[in-house]
Protein chains: 2
Amino acid sequence: MNQRPPHKPDYERELRRAGIRITRPRRIILDILTGTEDHPDAMEIFQRANAVDKSISLSTVYRTMKLLEGMGAIHRHAFEGGPARFEQASGDHHDHLIDLDTGDVIEFHSDRIEALQDEIARELGYEIVHHRLELYGRRKRKRRA
Amino acid sequence: MNQRPPHKPDYERELRRAGIRITRPRRIILDILTGTEDHPDAMEIFQRANAVDKSISLSTVYRTMKLLEGMGAIHRHAFEGGPARFEQASGDHHDHLIDLDTGDVIEFHSDRIEALQDEIARELGYEIVHHRLELYGRRKRKRRA
DNA sequence: AATGCAATTGCAAATCGTTTGCAAAAAGAA
DNA sequence: TTCTTTTTGCAAACGATTTGCAATTGCATT
């Protein structure tokens with residue numbers, strides 16, 4: 001279990017290398033993604049992008065998210081009962097704890113859990129391609145002194 | 001990690017006790033749920049119900065699923081990229097391994113993983129209300145002799 | 001068995017998040 | 001600048017699920 005290391009890779013370079021055009025909407029969306037620590041959904045990204053350039057459409061946000069997801073630059077998470085939320089893929093792998101009261105997302109990682117998952121899959125005759133581990137909880141109230 | 005024990009509780013009794021009417025559609029849907037080991041989605045339940053009584057509507061399936069979920073009689077799972085799938089809640093708690101090629105769902109349980117989850121949440125100052133652990137994988141090809 | 005009323009239904013229309021067709025606009029190579 | 005291709009915005013389509021409403025049903029009461 002550990003904290004996320006900040007990281008800001010150069011996606012424009014990667015996109016160019018893949019023969020994908022760097023457009024104004026894409027640059028703006030990319031800046032938003034690399035500049036945030038949270039897990040915004042498409043609508044939030046749309047609004048932040050719109051604050052920079054009124055003409056960017058929601059479809060373009062969705063299209064760009066799909067593009068970046070395909071490149072492995074971002075991860076898409078479908079947490080319970082809400083729109084998909086995105087985060088930059090640069091950090092190392094982690095799972096999520098969702099605060100049921102605030103919607104906050106806390107990242108964590110456990111090598112031991114990952115190892116157990118592999119073991120279980122192996123025993124069942126499977127190879128894990130990916131997994132989803134989400135804890136939904138509420139903040140423990142501070143124990144009175 | 002263990003197998004699921006079969007179980008067939010009497011939901012009609014429970015429903016009556018909760019002041020909820022036993023209608024023909026509900027009885028049929030309930031029979032389908034208690035009579036299957038798999039994880040059908042609403043459309044599948046609708047079709048199976050329709051085979052018994054042509055007049056049952058998809059809305060009623062959805063309404064009944066919500067009702068039963070609220071009573072704790074069934075669990076709803078939103079696996080990746082598909083409609084919600086349901087299963088009767090009677091067995092003991094388990095997580096799911098989804099076969100990416102066939103869509104099959106294999107149930108498993110690990111006390112050690114559950115314990116680790118609690119530990120992680122506790123260290124982060126949270127109490128887990130529920131969690132979601134899904135492994136997505138493919139069948140390992142049999143190792144040649 | 002007939003009555004009455006609230007709960008439940010089927011249907012169609014509405015909803016939400018997301019995707020898509022299309023003609024117009026912009027990127028990047030020549 | 002011109003050309004070709006990709007990308008865009010818009011509106012309409014989409015799939016899963018929910019909802020409003022009038023008609024039907026369950027069932028407790030006579």
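Per the geometry, CD belonging to B/E12 stands 9 Å off P belonging to D/dC27, to the nearest Å. The distance between atom CD1 of B/I28 and atom P of D/dG26, rounded to the nearest whole Å, is 11 Å. Rounded to an integer number of Å, the gap from CG of B/N50 to P of C/dT9 is 14 Å. Distance CG (B/L67) to P (D/dT19): 14 Å, rounded to an integer number of Å. Protein atom CD1 of A/I56 is 18 Å distant from nucleotide atom P of C/dA25, rounded to whole Å. Following rounding to the nearest Å, A/K54 (NZ) and D/dC10 (P) show an atom-to-atom distance of 10 Å. Separating the CZ atom of A/R27 from the P atom of C/dA26 is a distance of 14 Å, rounded to the nearest angstrom. Atom-to-atom, CD1 of B/I29 to C1' of C/dT9 comes out at 11 Å; the value is rounded to the nearest Å.
Under 4.0 angstrom from either OP1 or OP2 of C/dT20 there lies no side-chain N or O belonging to A/S59. Proximity of B/R16 to the phosphate of D/dC27: a side-chain N or O atom is located under 4.0 Å from OP1 or OP2. OP1 or OP2 of C/dT8 lies within a sub-4.0 Å distance of a side-chain N or O belonging to B/R26. For C/dT19, the OP1/OP2 oxygens have no side-chain nitrogen or oxygen of A/Y62 closer than 4.0 Å. Put simply, B/T60 has a side-chain N or O that comes within less than 4.0 Å of OP1 or OP2 on C/dG10. Using a 4.0 Å cut-off, no side-chain N or O of B/K66 falls inside it from OP1 or OP2 of D/dT17.
For A/R63 against C/dT19, no side-chain N or O and base N or O form a donor-acceptor pair under 3.5 Å. A donor-acceptor contact under 3.5 Å is not formed by the side chain of A/R24 with the base of C/dA26.
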Tabulate below the donor-acceptor pairs under 3.5 Å that side-chain atoms of residues 63-73 of chain A make, not counting sequence neighbours, or state none.
unit_1 : atom_1 : unit_2 : atom_2 : d
A/T64  : OG1    : A/T60  : O      : 2.7
A/E69  : OE1    : A/R76  : NE     : 2.9
A/E69  : OE1    : A/R76  : NH2    : 3.3

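Counting only distance, with no hydrogens or angles, the side chain of B/D53 and the backbone of B/P25 share no donor-acceptor pair below 3.5 Å. The main-chain N or O of A/R138 is never found under 3.5 Å from a side-chain atom of A/D101 such that the two would form a donor-acceptor pair.
The side chain of A/T23 has C/dA27 as its nearest neighbour among C/dT9, D/dC10, C/dA27. Ranking C/dG10, D/dA16, C/dT18 by closeness to the B/S57 side chain, first place goes to C/dG10. With distances taken from any side-chain atom of A/R21 to the nucleotides D/dG9, C/dG28, C/dT8, the minimum falls on C/dG28.
Nearest-nucleotide positions on DNA chain D place B/D41 closer to the 5' end than the other of B/I22 and B/D41. Where B/I20 and B/L58 meet DNA chain D, the nucleotide closest to each residue was compared, and B/L58 sits on the side nearer the 5' end.
Between A/H96 and A/H39, the two ring planes are perpendicular [angle over 60°; tilted spans 30° to 60°].
If you check the side chains of B/H93 and B/E107, you find no donor sitting under 3.5 Å from an acceptor. Between the side chains of B/H94 and B/D92, not a single donor N or O lies within less than 3.5 Å of an accepting N or O.
Checked options B/R132, B/E87, B/E134; the residue passing with B/H77 is B/E87 (criterion: side chain to side chain donor-acceptor pair (under 3.5 Å)).
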Under 3.5 Å for both distances, Watson-Crick or G-U wobble, that's the pair rule; now give the dot-bracket for DNA chain D, with | marking pairs to another strand and [ ] for crossing ones. |||||||||||||.||.|||||||||||||

Would A/Y136 and B/H131 satisfy ring-ring contact (aromatic ring centres under 6.0 Å, His included), going step by step from the backbone distance to the final call? CA-CA 6 Å; A/Y136 294 85; B/H131 71 262; 9.2 Å; no

